[in-house]
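Below you'll find the structure, written out as structure tokens, and then a few comments.
Only heavy atoms go into these numbers, but all of them, side chains included; no hydrogens, no water, no symmetry mates. A quick note: this is a predicted structure, and the numbers were derived from the prediction, not measured. Proteins come first, then strands; the chains are lettered A, B, ... in the order of their sequence lines, and each starts at number 1.
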Amino acid sequence: MPVHVLLEGTGPQIPAHLTRIPISLITTSTDVTDKIVKGKVVHKGPLVSLNDDNFILKMVIQEEDSMPNSSSQNSSVNVVLFGSLAKNFNQSANQGDVVAASGFTVGKSPTVHKDNLHPCNLLLTEDGACIYVLRPVLPNPRSPPANKRRSPLSAELSLAKAPKYTYAKLDNLKAGSVVNVYGVVVFFKQPFKSRGTDFCSTLKITDQSNEKIGCTIFCEKPEDHPKIFQNGDIVRMHRVKAQVFNKSITLVNTFGFSVVTFGGVEGALVEPRTSSRSFHFDQDDQRTVEELRSWAASQALLASVTSTVPLSAVQPKAYFDLTCQLLAKAPIDSTCTLLRVWDGTRCPHTLLKVIVDPHVTEGQLSFSKERENLIADVLVYDNHVEVARQLKPGVFLRIFNLRAIPGSSQVRGLTSSQLQVDHLAFHLHGGTSYSRGIRILPDNTPDVQELKRVIEAFHENDEKALSEINDSDLLEVWKTPPESLDGETVDCSTERSCGHDMQTVTLSEVKRSGPGRVHHVRAQLKAYEPHRLHEALKLYCSKCKSMQDIPDDELLESIFSEASKDCGPCSPPPWTLSGQVSLPRHAPGPSNRALTVYLLTQLMSEGKIKDVILLMGSTLEEMCQLMASYQNIIPVRSSGGHLSLLDLSAPFLFRGRKRYYGCKRCSEAAVRELSAEGVEMIDEKIIAEALGIQPLQFILLMKLELQDATDRLDVFLWRHAESFFGVSAEDASANQEAQNSICQIMDSLCPPGGNVGQHPWLDLCLMAYQAEDDDGQTKTCYQVCHTTVVKPSSE
DNA sequence: GATTAGGATTTG
């Protein structure tokens, strides 16, 4: 077995041919043959089962002592163990242990940018790698081993100071005496606030004497209380006082009280749980815990008192304990908080879903349908609200004495429409009767490890998260906390300007109410399309209500090219003068090509020769070159000896960088005299009118996918898009700055690559209306209206 | 070196 547990100063030691190398000196090109690294396990990940008999485990070790030549930087390194090495290590070592490793290979750490640890990681596989767990020998004050070798100085000091503890049996407690005791927990309450200054926890313990003794612990801080997770746990208490109450002996903590708790499962690691900075623990303690474990198992003590049940096995009306992960939470009112939890199993009953405002929700707001089916909404009341307030999404919990209530019980403050009928509701009633309470379980507890495996299997199946065996990132999959808002006040990136006075509703409520209404919602932008701005720009005819894409340059080139083929003799209209322009020299194509233009005589007489010209036979490119010289250019062609306009797929007018289009259906286009008399400036409107053209409007059209805690909703941003962005669509069609502005806004509302939970919140006014889709089916559509982006801070 | 609580299902 390549995992060796070595006791300091005794028995086998690290082979002498291995020399230690400081972690900070390791690079991918370092020769690590016969080298060893040493450090404390500051993080031990779970044992991840990849498939049958293949495991992976990640840990972080930190060099504790200052090695010569080592800098304080990069003294922590990711270590990845594979196969049976991972499995054995998981059983043999714990966070806090000092370990040494040899026979490893050095890889690049894929998480260096995330964890800021060493740029390399150490990879340990079964073939050749060894890991040594270095355990100090704790001195045994009562019976030092006869053959004990000279122990390190520190151990001798500790020996001299080590107090000698004796433990009273529970059937031998004398009233008034202060004693130390061991016991198996048969009942316990989580610490709760007493009416005095302290938190109070009550427990009942027993031992081989079979005496059951109640204990009451008062401590100011909950963390100083016994860390009991379930019945069967074993507690060791120092300095508790025996008192008589109701003719029975009870134990109450006194000065100098300390407590250590151990899991009660036979054969499991004896791992002390305590908030004490230092505590005594020796081989006698180890033996005592093991004896109590096996005694408890033989008594079947726990069979009657444990009631931890997965969601898949929950019975209606039953009280049970639930081990789960918190995904999100939201306050309902001052006496009730919603906890959204899961344990990776699916409850066969329809579960109550409580709908809450997304802006008061902490944690992820919405989940995949598959995952949503696994999520239980737990309502916790009264004294548990304060405990719930301190929970962060992502933590693992055990909820004690949770009640599954079938039927349609009402939740105060929620309308009946917010509850599903025929559901199973989970309530954690107020009070502490029957151990009612919530406890955070540390990640390293066996039940949490098991839960993680189940959850991870869900990720694996449902989200295909685990794909590569050797990517140590995969270990982070289940660890990634749910997207969290951290309960911060939400600043919205948009504001309504409609002046409606109405309550904000959820997206699911919007969906439930029909068309013809206006709603105020608060939501996040999950996605939008199109992403390319030019695809969001459309041409819209206000007369026939048609909408079309803006033709691309390729199409325009072909129209121009087609039109230039037919430039035979053409009698100019009487209100024009024909002439030639030559293109600037740097123009591509035939050099000094001359193009036919028609100038307006009236404008010539006014000295406004460059205000409008009709241009014939040019390419698109040439047209664009001439834009610098003329304010308005109308492309024309010869058709049967007369001047006519180009196909209306092409712009009827080029004006500055802008191109103006007409509606094919609604225009009666022809080259007609432009009357510009008394007109200050000739613009697209005057020209369109003169040419009989129904102009098309530039519009912006986007589909936004909104989400809040309750639902997702596709809405259009169209009629109010210009005021939304503070940019005109026409400007966006021609002006880089306007385009950048829109793109920046979309990036800020829906940052590329980020997770949706972190997208900014948007206060929106939505209009629900009926529209016909392509198949002639009427459906309800939604548009954002009267909403403006609050300018994102420039970065 | 005080006081708290002293198990024992619920408003929802």
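- Here A/N246 lies out of heavy-atom contact (under 4.0 Å) with every strand.
- As judged by a 4.0 angstrom heavy-atom cut-off over every strand, A/G430 is placed among the base-contacting residues.
- Among the nucleotides B/dA5, B/dT10, B/dG12, the one closest to the side chain of A/C200 is B/dA5.
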Ignoring hydrogens and angles, write down the donor-acceptor pairs under 3.5 Å from the side chains of residues 243-252 of chain A, residues two or more places apart or on other chains.
unit_1: A/S248; atom_1: OG; unit_2: A/N246; atom_2: O; d: 3.4
unit_1: A/T250; atom_1: OG1; unit_2: A/Q243; atom_2: O; d: 3.4

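- In the interface, the side chain of A/R403 is not paired with the base of B/dT9 through any donor and acceptor atom under 3.5 Å apart.
- Residue A/N383 contributes atom CG, which lies 12 Å from atom P of B/dT10 at whole-angstrom precision.
- OP1 or OP2 of B/dG7 has not a single side-chain nitrogen or oxygen of A/S433 nearer than 4.0 Å.
- Place A/Y434 and A/G431 on DNA chain B by their nearest nucleotides, and A/Y434 ends up nearer the 5' end.
- One P atom belongs to B/dG6, the other to B/dT10, and the distance between them is 14 Å to the nearest Å.
- The interatomic distance linking A/F188 (CZ) with B/dG6 (C1') rounds to 18 Å, in whole Å.
- OP1 or OP2 of B/dG6 lies within a sub-4.0 Å distance of a side-chain N or O belonging to A/K189.
- Atom NZ of A/K241 and atom P of B/dT4 are 14 Å apart (whole Å).
- Whole-Å rounding puts the A/Y319 OH to B/dA8 C1' distance at 12 Å.
- Within the nucleic acid shown, A/K193 has no heavy atom closer than 4.0 Å to any nucleic acid atom.
- For the pair A/F187 and A/T197, nearest-nucleotide mapping onto DNA chain B gives the more 5' position to A/T197.
- A/D198 places its CG atom 10 Å from the P atom of B/dA5, with the value rounded to the nearest Å.
- If you measure from atom CD of A/E220 to atom P of B/dG1, you get 19 Å, rounded to the nearest angstrom.
- Residue side chain A/F218 meets the stacking definition with respect to B/dT4: its ring centre sits within less than 5.5 angstrom of the base's six-membered ring centre, and the planes differ by less than 30 degrees.
- Ion pair A/R273/A/D233 flagged as a salt bridge, since at least one NZ, NE, NH1 or NH2 atom sits closer than 4.0 Å to an Asp/Glu carboxylate oxygen.
- In summary, the side chains of A/T350 and A/H423 do not present any donor paired with an acceptor at a separation below 3.5 Å, with no hydrogens or angles considered.
- Atom CZ of A/F426 is separated from atom P of B/dT9 by 22 Å (rounded to the nearest Å).
- For A/K204, counting side-chain heavy atoms from C-beta on, the closest listed nucleotide (B/dG7, B/dA5, B/dT10) is B/dG7.
- Side-chain proximity of A/D382 to B/dA5, B/dG6, B/dG12: nearest is B/dG12.
- The side-chain contact (heavy atoms from CB on, under 4.5 Å) test applied to A/D377 returns A/L338, A/R340, A/L352, A/K353, A/V354, A/I375, not counting sequence neighbours.
- Between A/K221 and A/D198, no side-chain nitrogen of the basic residue sits less than 4.0 Å from a carboxylate oxygen of the acidic one, so the salt-bridge criterion is not met.
- Spacing between atom CZ of A/R436 and atom P of B/dG12 amounts to 13 Å, rounded to whole angstrom units.
- Put simply, CG on A/N172 and OG on A/S209 are 9.0 Å apart, with the number rounded to the nearest 0.5 Å.
- Counting only heavy atoms from C-beta on, A/R195 has its side chain closest to B/dT4 among B/dT9, B/dT4, B/dG12.
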